[in-house]
Amino acid sequence: MSNLNNLLNNKPGTYYLYNLDLVLNKTLIAQFHGIKYVCMQGSSDRAKEFAGKLAHEILDIDPRFFKPVNLFKGTRFECYRIGNILSVSHGMGTVSIITLLHNLTKLLHTANNTELEYIRIGTCGGININPGSIVITDTSYMPDLSSGYSMQVLGKDIIYPTNMNSSLNDRIFSCLPNKLPFSIYRGNSIAADDFYLGQARFDGVIKPHYDEKKRQEYFARASALNIYNIEMESTALAAFCNRASIPATMIAVTLLDRMHGDQITASDEEITDYADRAQQVVLSYLKSVR
Amino acid sequence: MNLKNLNPHIQNLEVDHLYHIGLDSSMDLASLFGNIKYVVFTLSNAEAGVVARQFAQIWYNITEEKFTYQPIYKTERFHMYKVGLTLIISIGVGMPSLLIGMNEVTKILMHIKHFDVTFFKIGFAGGIGVNPGDVIISNNVVNGKFEAIYNSIECGETFTYPTVLDHELANYLLYFNHSIGRKNVTIGTTLSTKDFYDEQARVNGALPITYTQQECDAYLTRAYEFGIRAIDMESLVFAGFCNQLEIAASIIGIVVVDRLEKDDIQITMNDQMEYLSSSSRILARYIKSICY
């Protein structure tokens, strides 16, 4: 059962979801009633593509003849519905995903969905694991290597816990096919607010303050905390879902091994293949729970 | 631009992949972007399209009845348009997303050794003591504690950068606007947060709130007294980035709600886009006036 803002029920003004450009009317509420699973990805293209796969695998709809329709009006995020599953895009970074989470959760709450699970299907950089590996996140860390998500609320710092839901992780893990052509790790993740300096890259436009030695030390400290990957959303997702009592996790695929470089040099085909791996892990789970 | 703070490691890369905008340094970037003097950052793809239309109308005197404008290159994450000497790019929601866009756009400029550039950010903002449709030009950006600094964690270590921008550029824009007469344009400070609800003192988020309406009112009143007129989720990093590289920059916020009155934004998307059009025309005319 979700734990949400009880002011919402008696505030008529909350009926316009600004960031989605949607008015919470009867038609919309009906459209979003009966949802159980929400899968979210950074890019709208990937959310749409995954919706096609869900339609094919779960509803047996041929994606060559039917295209899923975006249910959001604004252009910041997109949303597709397949049965009791939503495939949503959240943009890049903690700020973007938390904006989407608030709006989507208000919408799903108003549409009387009480048993929800949120799964982010992400791409990330790996730490000392092969490109194309999957990481299932236990706990998310800030880039200073402390766990939690820090917010400045009315001028004060508050740190919210960022553990993902371990029983959801267990369920996803238990649904994996026996033989997979790639490795799966269960461990921790870093969410940085900066793709370049925040992730200790040497290829941002601004000159770094650190050198290669410092970076190796940083990655070694991360590895000692059982951190396998770096991305840009998981702290916000975990903190939000902990506060809302919505089980959540992240399944992310590594596009490169950060021990060997900074640039994403994988070809478009390789990236599509890698992204598909993370989607297939989630698809196996969604097929098993039906 | 302060060349000393540009990253020397980029020169060692055989090819620099600008992953999120879909370009790389082996392309003929100079012929594509060599004449850029201005970059305008917007949030959503739709907003970039609206700004591009206004720029095209003012710069080339063309409208969409005769030409269609397509975003250029990879459109999966951001939409880019080029109109005359101006590059217009949408960068998504929030500081992390903007920072990716700013890094990659500035890397284009670095590759073509083109350093005389001015950055603008134009987008919607909550207002404090101002009305929907008002335009706030900002040269001062503060965080949730009203400090004009941006904290950045780099390789695990925290660094602090100032977020006060060039006052002259903001004053020029304001002065120039007198000749066009867009109403209700003023200069004010922008409060920039990493969250739309808790960090902006709203009580209408999805989560149980940890503060009272009275505390929100007191916080927003303090913000007003401090000189804050606009609230957004990007300007802090925009100013911090531009200061590190000494890029001339200014911020144009378009007010969509007065937060001293309410949390909810109730003006229609059409009205918002109309406000965005009239505000981006100030910028387009300003750029045209100094280039001709």
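Side chains included, hydrogens not; waters and symmetry mates left out as well; all remaining heavy atoms used. Letters go in sequence order (proteins before strands), and every chain restarts at 1.
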- Message: One thing to verify: whether A/Asp268 and B/Lys74 come together as a salt bridge, which I'm taking to mean a side-chain N less than 4.0 angstrom from a carboxylate O.
- Response: no
- Item | 4.5 Å side-chain heavy-atom contact, A/Arg76 and B/Leu43 | yes
- May I ask you to name which of A/Leu100, A/Ile264, A/Ile271, A/Thr105 has the most heavy-atom pairs under 4.5 Å with chain B? A/Ile264
- Identify the heavy atoms of B/Ile10 and A/Asp203 that sit nearest to each other, and give their distance. CD1-O, 3.4 Å
- Message: Minimum heavy-atom separation for B/Cys155 and A/Tyr210, please, with both atom names.
- Response: CB-CD2, 3.3 Å
- Query: Out of B/Gly156, B/Pro8, B/Gly144, B/Gly94, which one racks up the most heavy-atom pairs below 4.5 Å with chain A?
  - Reply: B/Gly156
- Query: Of all of B/Thr75, B/Thr106, B/Asn12, which one pairs up most often with chain A through heavy atoms under 4.5 Å apart?
  - Reply: B/Thr106
- Do you know the tightest heavy-atom contact between A/Leu154 and B/Ala201? CD2-CB, 3.3 Å
- Side chain, backbone, both or neither: which part of B/Lys4 has an atom under 4.5 Å from a heavy atom of chain A? backbone
- Message: At a heavy-atom distance under 4.5 Å, which candidate from B/Ser152, B/Gly205, B/Ser44, B/Pro208 has the highest pair count against chain A?
- Response: B/Pro208
- Query: Would you say A/Leu255 and B/Tyr19 make side-chain contact, with heavy atoms under 4.5 Å?
  - Reply: yes
- Item | Any side-chain heavy-atom pair of B/Glu157 and A/His209 under 4.5 Å | no
- Which atoms of B/Asn2 approach chain A - backbone, side chain, both or neither, heavy atom under 4.5 Å: neither
- First locate atom CD of B/Glu154, then atom NZ of A/Lys214, and finally report the distance between them rounded to the nearest 0.5 Å. 10.5 Å
- Query: With distance as the sole test, does B/Asn7 use its side chain to make a donor-acceptor pair with the main-chain N or O of A/Pro208 at under 3.5 Å?
  - Reply: no
- Can you spot which of B/Ile209, B/Asp195, B/Asp198 makes a side-chain contact (heavy atoms from CB on, under 4.5 Å) with A/Val153? B/Asp198
- Message: Counting heavy-atom pairs under 4.5 Å with chain B, which one of A/Asp157, A/Leu104, A/Thr265 comes out on top?
- Response: A/Asp157
- Item | Closest-packed option against chain B by number of heavy-atom pairs under 4.5 Å, given A/Gly198, A/Gly204, A/Gly91, A/Ser44 | A/Gly204
- Query: At a heavy-atom separation under 4.5 Å, does B/Val237 approach chain A through its side chain, its backbone, both, or neither?
  - Reply: neither
- Item | Value rounded to 0.5 Å, distance of CZ in B/Arg77 from CG in A/Asp45 | 9.0 Å
- Item | Derivation and outcome, side-chain contact (heavy atoms from CB on, under 4.5 Å), residues B/Val257 and A/Tyr18 | CA-CA 11 Å; B/Val257 58; A/Tyr18 168 70; over 6 Å; no
- Query: Is any side-chain heavy atom of B/Leu245 closer than 4.5 Å to a side-chain heavy atom of A/Ile206?
  - Reply: yes
- Note on the structure: Max heavy-atom pairs within cutoff under 4.5 Å with chain B, candidates A/Asp262, A/Asp193, A/Asp144, goes to A/Asp193
- Task: Spell out, as yes or no, whether a donor-acceptor pair under 3.5 Å connects the side chain of A/Asn5 to the backbone of B/Val203.
- Result: yes
- Most heavy-atom pairs under 4.5 angstrom with chain A, which of B/Thr193, B/Thr158, B/Asp16? B/Asp16
- Query: Could you state the interatomic distance from CD1 (B/Ile91) to OG (A/Ser96), rounded to the nearest 0.5 Å?
  - Reply: 9.0 Å
- Note on the structure: Under 4.5 Å to a heavy atom of chain A? For B/Phe146 that would be neither
- Message: Would you say that A/Val205 contacts B/Asn103 through its side chain, given a criterion of any heavy-atom pair below 4.5 Å between the two side chains?
- Response: yes
- Return the minimal non-hydrogen interatomic distance between A/Lys207 and B/Leu6, and the atom names on each side. CB-O, 3.6 Å
- With side-chain contact (heavy atoms from CB on, under 4.5 Å) as the test, would you mind laying out the steps for B/Met269 and A/Lys73 before giving the verdict? CA-CA 10 Å; B/Met269 190 54 81; A/Lys73 263 170 68 195; over 6 Å; no
- A/Tyr160 vs B/Leu207 side-chain heavy atoms within contact, under 4.5 Å: no
- Item | Step-by-step side-chain contact (heavy atoms from CB on, under 4.5 Å) determination, B/Met233 to A/Ile98 | CA-CA 12 Å; B/Met233 301 198 289; A/Ile98 205 160; over 6 Å; no
- Query: Which heavy atom of B/Leu13 sits nearest a heavy atom of A/Gln263, and at what distance?
  - Reply: CD1-NE2, 3.7 Å
- Task: Tell me, out of A/His90, A/Arg221, A/Arg46, A/Glu217, who's got the most heavy-atom pairs with chain B below 4.5 Å.
- Result: A/Arg46
- Item | When A/Ile190, A/Thr94, A/Leu197 are compared by non-hydrogen pairs under 4.5 Å with chain B, the top option | A/Leu197
- Query: Is it true that the side chains of A/Tyr196 and B/Glu104 contain a donor and an acceptor less than 3.5 Å apart?
  - Reply: yes
- Item | Under 4.5 Å from any heavy atom of chain A - which part of B/Glu199 | both
- Task: Check whether any side-chain heavy atom of B/Ile100 lies under 4.5 Å from a side-chain heavy atom of A/Met232, and answer yes or no.
- Result: yes
- Message: If you define the side chain from C-beta out and look only at heavy atoms, does anything of B/Tyr197 sit under 4.5 Å from A/Asn103?
- Response: yes
- Note on the structure: Checked B/Glu215, B/Glu234, B/Gln272 vs chain A; the most non-hydrogen pairs under 4.5 Å come from B/Gln272
- Query: With distance as the sole test, does B/Lys145 use its side chain to make a donor-acceptor pair with the main-chain N or O of A/Gln152 at under 3.5 Å?
  - Reply: no
- Query: Checking heavy atoms, do the side chain of A/Tyr149, its backbone, both or neither come under 4.5 Å from chain B?
  - Reply: side chain
- Query: Which bit of B/Ser90 is near chain A, if near means a heavy-atom gap under 4.5 Å: side chain, backbone, both or neither?
  - Reply: neither
- Query: Which value, rounded to the nearest 0.5 Å, describes the distance between B/Ile153 atom CD1 and A/Ser146 atom OG?
  - Reply: 7.0 Å
- Query: Looking only at heavy atoms, which two atoms of B/Ile267 and A/Tyr16 are closest? And how far apart?
  - Reply: O-CE2, 4.2 Å
- Are the aromatic ring centres of A/His102 and B/Phe196 under 6.0 angstrom apart? no
- Proximal component of B/Glu147, with respect to chain A [non-hydrogen, under 4.5 Å]: neither
- Query: Where does A/Phe219 contact chain B at under 4.5 Å (heavy atoms): side chain, backbone, both or neither?
  - Reply: neither
